[in-house]
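Report on the structure given below.
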Amino acid sequence: MTDAIIRFDKVVKRFGDLTVLDELDFEVKKGEKVSIIGPSGSGKSTVLRILMTLEGIDGGVVYVDGEPLWHELREGALLPAGEGHLRRMRSKLGMVFQQFNLFPHMTVMRNITEAPVKVLGLSRKDAHLRAEELLDLVGLADQAKKFPHQLSGGQQQRVGIARALAMRPSILLFDEPTSALDPELVGEVLTVIGRLAEEHDLTMLLVTHEMRFAREISDRVCFFDRGQIREEGTPEELFTDPSEDRTREFLKAILD
Ligand SMILES: Nc1ncnc2c1ncn2[C@@H]1O[C@H](COP(=O)(O)OP(=O)(O)OP(=O)(O)O)[C@@H](O)[C@H]1O
């Protein structure tokens with residue numbers, strides 16, 4: 001038995017001839033905050049996209065909350081999952097995207113309440129009350145009636161975070177949430193993510209090129225290279241005393 005809420009067990013992912021994940025073993029414990037860093041093209045975003053059921057897998061098994069994500073156990077055999085199973089499993093996870101992905105024609109409030117009403121079946125009133133709490137949490141209580149184009153990138157990303165939280169996921173995934181932002185707007189988004197990291201029950205998995213997050217907020221940092229975890233440890237261990245040459249080279253290039 002393991003207390004992992006996310007477990008990749010020898011997961012293989014290919015795009016044509018390209019093997020992006022090569023029998024990847026990877027675990028995240030409940031409540032843990034984990035950063036994935038590594039060179040471009042090493043498969044970091046693919047890990048998140050598989051968890052969000054946006055990409056299938058070609059081998060191995062992914063477990064979320066103790067259940068196979070891409071498979072269903074039927075009569076003792078692991079068979080490909082049906083749409084109902086995927087939908088149920090997907091509801092455990094929320095994702096914050098690099099490009100915010102807000103609905104441009106909807107107000108901030110509507111962006112946050114739409115899925116809870118349509119997917120979770122919440123009443124408009126309950127969804128609205130919850131959205132107000134979340135807007136407060138991300139420091140945007142006075143922006144509910146605005147449209148995305150009336151907000152800065154940092155504000156849009158904070159709406160993106162509120163929107164993901166509105167679905168009450170137990171796991172929150174972040175795919176380079178600050179890389180589309182002007183440098184002066186990164187801090188406000190990091191502050192909100194840092195606040196969320198104090199929530200013990202929320203599991204967070206973050207792909208980032210922003211070493212401040214990896215350093216300050218995560219319990220564990222994983223260095224990805226060519227579809228494998230080459231090295232992992234606490235931020236202290238990985239940033240101050242990496243044991244692998246590849247990690248050292250990567251950190252030197254990114255921190256110089
Ligand atoms: N839908 C796709 N079709 C074909 N190749 C893909 C697809 N998605 C990703 N890839 C390739 O898979 C590899 C891993 O992509 P992925 O986005 O996971 O990398 P990454 O580590 O997140 O990179 P980056 O830091 O640049 O975002 C890359 O070589 C990419 O070009």
Side-chain angles (χ1 to χ4, degrees), residues 6-28 33-64 69-70 80-81 86 90 93-101 153 156-157 160-161 164 171-183 185-186 189-190 193 203-215 217-218 220-233 235 238-239 242 244-256:
I6 296 172
R7 183 152 75 91
F8 280 57
D9 183 4
K10 302 219 174 333
V11 171
V12 176
K13 174 66 186 174
R14 295 189 200 96
F15 291 110
D17 291 340
L18 179 71
T19 300
V20 177
L21 302 183
D22 182 14
E23 300 204 353
L24 174 68
D25 289 328
F26 174 58
E27 286 194 0
V28 179
K33 325 296 174 195
V34 175
S35 295
I36 300 180
I37 62 171
S40 190
S42 56
K44 306 181 298 295
S45 298
T46 301
V47 166
L48 301 190
R49 294 177 56 77
I50 287 171
L51 285 166
M52 281 312 280
T53 70
L54 298 168
E55 294 285 357
I57 56 176
D58 300 301
V61 185
V62 177
Y63 295 90
V64 171
L69 174 65
W70 279 100
L86 288 175
R90 199 184 291 139
L93 300 120
M95 180 135 151
V96 176
F97 297 89
Q98 183 175 359
Q99 296 293 345
F100 326 135
N101 290 16
Q156 289 188 54
Q157 190 56 298
I161 293 171
I171 302 167
L172 198 51
L173 309 175
F174 295 85
D175 192 5
E176 299 184 21
T178 57
S179 61
L181 299 177
D182 291 334
L185 301 178
V186 169
V189 173
L190 281 179
I193 296 174
T203 305
M204 287 167 52
L205 180 56
L206 186 126
V207 167
T208 187
H209 288 123
E210 176 55 64
M211 295 303 129
R212 259 189 294 168
F213 180 92
R215 217 188 259 276
I217 299 171
S218 33
R220 179 157 58 97
V221 183
C222 297
F223 174 66
F224 253 63
D225 189 29
R226 280 167 278 167
Q228 279 288 352
I229 297 174
R230 299 288 158 187
E231 184 166 358
E232 60 183 312
L238 205 91
F239 287 110
E244 300 282 326
D245 289 346
R246 269 305 278 133
T247 320
R248 246 191 308 275
E249 282 162 26
F250 173 78
L251 290 175
K252 184 164 178 347
I254 205 161
L255 295 173
D256 270 357

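For ligands, and for the atoms within them, numbers begin at 1 and follow the listed sequence. Residues: numbered from 1 along the sequence shown.
Looking at E210 and R212, a side-chain N of the basic residue comes within less than 4.0 Å of a carboxylate O on the acidic one, giving a salt bridge. Under the 4.0 Å criterion applied to side-chain N and carboxylate O atoms, K10 and D25 are assigned as salt-bridge partners.
Scanning for side chain to side chain contact (heavy atoms under 4.5 Å, CB included) contacts around P235 gives S218, V221, F239, with sequence neighbours left out. Residues satisfying the side chain to side chain contact (heavy atoms under 4.5 Å, CB included) test with R14, not counting sequence neighbours, are V12, T19, D58.
Residue pairs meeting the salt bridge (Lys or Arg N to Asp or Glu O under 4.0 Å) criterion with at least one member in residues 35-50, sequence neighbours excluded, are R49-E55.
Near ligand 1, F15, L18, V20, P39, S40, G41, S42, G43, K44, S45, T46, E55, E176, H209 each place a heavy atom less than 4.0 angstrom from the ligand.
Between F250 and F223, the ring planes are tilted. Angles from 30° to 60° get that label.
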